[in-house]
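Labels below follow one simple rule: chain letters A, B, ... track the order of the sequence lines, proteins then strands, and each chain is numbered from 1.
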Protein chains: 2
Amino acid sequence: MGADCHHAESAHPGLEGVALADAVAAAQAQCERTRERLTPPRRRVLELLLESDGPMKAYDLIAAYGQDGEPAKPPTVYRALEFLERLGFAHRIESLNAYVPCKMEGAGHRAAFLICECCGAAQEFEPDFSAQFAAAESAGYAVRTVTLEARGLCPACKVEG
Amino acid sequence: MGADCHHAESAHPGLEGVALADAVAAAQAQCERTRERLTPPRRRVLELLLESDGPMKAYDLIAAYGQDGEPAKPPTVYRALEFLERLGFAHRIESLNAYVPCKMEGAGHRAAFLICECCGAAQEFEPDFSAQFAAAESAGYAVRTVTLEARGLCPACKVEG
DNA sequence: GCCGAAGCGTTATGAAATAACATAACTAGG
DNA sequence: CCTAGTTATGTTATTTCATAACGCTTCGGC
Ligand SMILES: [Zn+2]
Ligand SMILES: [Zn+2]
Ligand SMILES: [Zn+2]
Ligand SMILES: [Zn+2]
């Protein structure tokens, strides 16, 4: 995550141990309900995202993919990311070219992010698009999806200035 | 713009002739007021954006840069784009890796886009972020900038389905 | 004129994403 | 079972997007 941040790296820690296993198991269960397959590459990329302290770039995932240090081939990771996004287990942050695991309950929700410019953390939140939708639809548009990414300072980084 | 669209390409036409000259002159005047320099490469890239029917990729600009067909070198265009964004004459659309000229009056405003998934047009609009800001600030965040990109169908493409 | 800052041209490289095609694994019908 | 259709993976190569680094020029204050 944000390498140039002077704050505690663990302010937004990733999952490990039982919490990680539980999250993966929940994804597994969700897949079984919808007849989707959480195959090894998909599971591995999901694990890496869940373990991370912050948004991961695709090539970070590629480098970290093999437990033995062997990198993955790019399509392996990009395909897994496509699947995880489709199922709602992960989100792409456009303004960072990076990916995060979904932290919200329930699939198919609308995602938005608060991105700290100091420590690099990306906090997912539930956006309120009603005003935007109203404006767009009054202009004749049919809105399908909305990307919202706010940048600023997280509470931890704000206090120190 | 959207190459695979069956609709009239000129539904969202670029500027030409006097309108183009006027827009460039307005940017020139704006620069003089703020002691900024609209140098030849910056002016050229702005012209290309204003002439275009829709969002332009950086390498589209690079290819179109020379009136004699000679492409620009990438840094030439990327530096110009950085300047135009800083001054508010252009915006980057993150989800397209593309650029558009600003269509709003007054610099320093917040930009948001309605992007048609059929014809590729990108309509700039003035967003209402009050709900998002309230949510973010109640969570302790200090928001500096917001990126909002909505995708769907423009009025022209909506009617035909 | 001198000097520091800003801008530009150029070469080269790095980072992000996908195309294309062959192989393997599930899964449903017979 | 077996076999055809579909989904997923492995692999190679390429394309697309963006920036680093360096030297030269231009601009504007002193
Ligand atoms: Zn989510
Ligand atoms: Zn922070
Ligand atoms: Zn604008
Ligand atoms: Zn359209």
Side-chain angles (χ1 to χ4, degrees), chain A residues 1-4 27-28 31-32 34-46 48-49 55-68 70-87 89-100 120 147 149, chain B residues 1-4 27-28 31-46 48-49 55-68 70-87 89-100 120 149:
Chain A
M1 63 188 301
D4 54 350
Q28 176 75 262
C31 285
E32 285 168 2
T34 57
R35 302 283 199 281
E36 298 280 355
R37 296 162 58 196
L38 189 63
T39 59
R42 294 167 175 176
R43 171 189 298 260
R44 178 61 181 147
V45 171
L46 177 59
L48 289 169
L49 290 175
M56 288 191 79
K57 303 268 203 174
Y59 275 72
D60 295 340
L61 293 163
I62 287 167
Y65 184 86
Q67 284 91 342
D68 54 357
E70 277 299 296
K73 305 290 172 61
T76 301
V77 165
Y78 280 103
R79 286 165 177 161
L81 288 170
E82 182 185 12
F83 171 86
L84 295 172
E85 280 201 81
R86 181 164 59 79
L87 276 282
F89 296 144
H91 301 293
R92 172 181 166 82
I93 302 183
E94 296 286 349
S95 61
L96 298 177
N97 289 353
Y99 301 83
V100 291
T147 298
E149 299 173 11
Chain B
M1 63 189 302
D4 55 350
Q28 177 75 263
C31 284
E32 285 167 2
R33 278 194 292 277
T34 56
R35 303 284 198 280
E36 298 279 354
R37 296 162 58 197
L38 189 64
T39 59
R42 293 168 176 178
R43 171 189 297 261
R44 178 61 180 148
V45 171
L46 177 58
L48 289 169
L49 290 175
M56 288 190 79
K57 304 266 202 175
Y59 275 72
D60 294 341
L61 292 164
I62 286 166
Y65 184 87
Q67 284 91 342
D68 54 358
E70 276 300 296
K73 305 291 172 60
T76 301
V77 165
Y78 280 104
R79 286 165 177 162
L81 288 170
E82 182 185 11
F83 171 85
L84 295 172
E85 280 200 82
R86 182 164 59 79
L87 276 282
F89 296 144
H91 301 294
R92 173 180 166 82
I93 301 183
E94 296 287 347
S95 61
L96 297 177
N97 290 353
Y99 302 84
V100 290
E149 298 173 10

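- Heavy-atom minimum distance, A/Pro55 versus A/Gly120: CD-O, 3.4 Å.
- Residues forming a salt bridge (charged side-chain N to carboxylate O under 4.0 Å, His left out) with B/Glu149 (at least two apart in sequence, or on another chain): none.
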Which pairs, protein N/O on one side and nucleotides 21-24 of chain D N/O on the other, fall under 3.5 Å?
unit_1	atom_1	unit_2	atom_2	d
D/dA21	N6	B/Arg79	NH2	3.2

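- When rounded to the nearest whole Å, the span between CD of B/Glu82 and P of C/dG7 equals 9 Å.
- Side-chain N/O atoms of B/Thr76 include one lying less than 4.0 angstrom from OP1 or OP2 on C/dG9.
- In this structure, the CZ atom of A/Arg35 is 10 Å from the P atom of C/dT27, given to the nearest Å.
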Show your reasoning for whether side chain to side chain contact (heavy atoms under 4.5 Å, CB included) applies to B/Leu84 and B/His91.
-> CA-CA 8 Å; B/Leu84 295 172; B/His91 301 294; over 6 Å; no

Which is it for B/Thr76 and B/Ile62 under the side chain to side chain contact (heavy atoms under 4.5 Å, CB included) test, yes or no, and what are the steps along the way?
-> CA-CA 8 Å; B/Thr76 301; B/Ile62 286 166; over 6 Å; no

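- When rounded to the nearest whole Å, the span between CD of A/Glu36 and P of D/dA8 equals 7 Å.
- Between its opening and closing five pairs, the helix from C/dG1-D/dC30 to C/dG30-D/dC1 changes axis direction by 30°, a value rounded to 10 degrees.
- Listed here is the closest heavy atom pair of A/Pro41 and A/Ala80: O-CB, 3.9 Å.
- Nearest heavy-atom pair, A/Leu61 versus A/Val77, reported as atom, atom and distance to 0.1 Å: CB-CG1, 3.9 Å.
- Rounded to whole Å, atom P of D/dA18 lies 5 Å from atom OH of B/Tyr99.
- Within the 3.5 Å criterion, the main-chain N or O of A/Tyr65 finds a donor-acceptor partner in the side chain of A/Arg44.
- Sorted by residue number, the members of residues 90-98 of chain B with any non-hydrogen atom under 4.0 Å from DNA chain D read B/Arg92, B/Asn97.
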Derivation of the side chain to side chain contact (heavy atoms under 4.5 Å, CB included) call for A/Leu48 and A/Asp60 = CA-CA 9 Å; A/Leu48 289 169; A/Asp60 295 340; over 6 Å; no

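- In this structure, CZ in B/Arg92 is found 12.0 Å from CD in B/Glu82, a value given to the nearest 0.5 Å.
- C/dA15 atom P lies 15 Å from atom CE of A/Met56, rounded to whole Å.
- Under 4.0 angstrom from either OP1 or OP2 of C/dA17 there lies at least one side-chain N or O belonging to A/Tyr78.
- The distance between atom CZ of A/Arg37 and atom P of C/dA24, rounded to the nearest whole Å, is 16 Å.
- B/Leu81 places its CG atom 11 Å from the C1' atom of D/dA18, with the value rounded to the nearest Å.
- Looking at heavy atoms from C-beta onward, B/Cys31 lies in side-chain contact with B/Phe89 at the 4.5 angstrom threshold.
- Near-neighbour residues of DNA chain D inside residues 39-46 of chain A, defined by a heavy atom below 4.0 Å, number-ordered: A/Thr39, A/Pro41, A/Arg42.
- B/Arg42 contributes a side-chain N or O that, together with a main-chain N or O of B/Arg37, makes up a donor-acceptor pair within less than 3.5 Å.
- Using a 4.5 Å cut-off on side-chain heavy atoms (C-beta onward), B/Leu81 and B/Val45 make contact.
- Mapping A/Pro74 and A/Ala80 onto DNA chain D via the closest heavy atom, the residue that lands nearer the 5' end is A/Ala80.
- To the nearest 0.5 Å, atom CD of residue A/Glu70 and atom CD of residue A/Gln67 are 11.5 Å apart.
- Residue B/Tyr99 forms a side chain to side chain contact (heavy atoms under 4.5 Å, CB included) with just one option from B/Lys57, B/Met56, B/Glu85, and that option is B/Glu85.
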Worked verdict on B/Thr34 versus B/Leu87 for side chain to side chain contact (heavy atoms under 4.5 Å, CB included) = CA-CA 10 Å; B/Thr34 56; B/Leu87 276 282; 4.3 Å; yes

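- Put simply, A/Lys73 has no side-chain N or O that comes within less than 4.0 Å of OP1 or OP2 on D/dG10.
- Nucleotide D/dC17 holds its C1' atom 12 Å from the NZ atom of A/Lys57, rounded to whole Å.
- Listed by residue number, the members of residues 59-68 of chain B with any heavy atom below 4.0 angstrom from DNA chain D are B/Tyr59.
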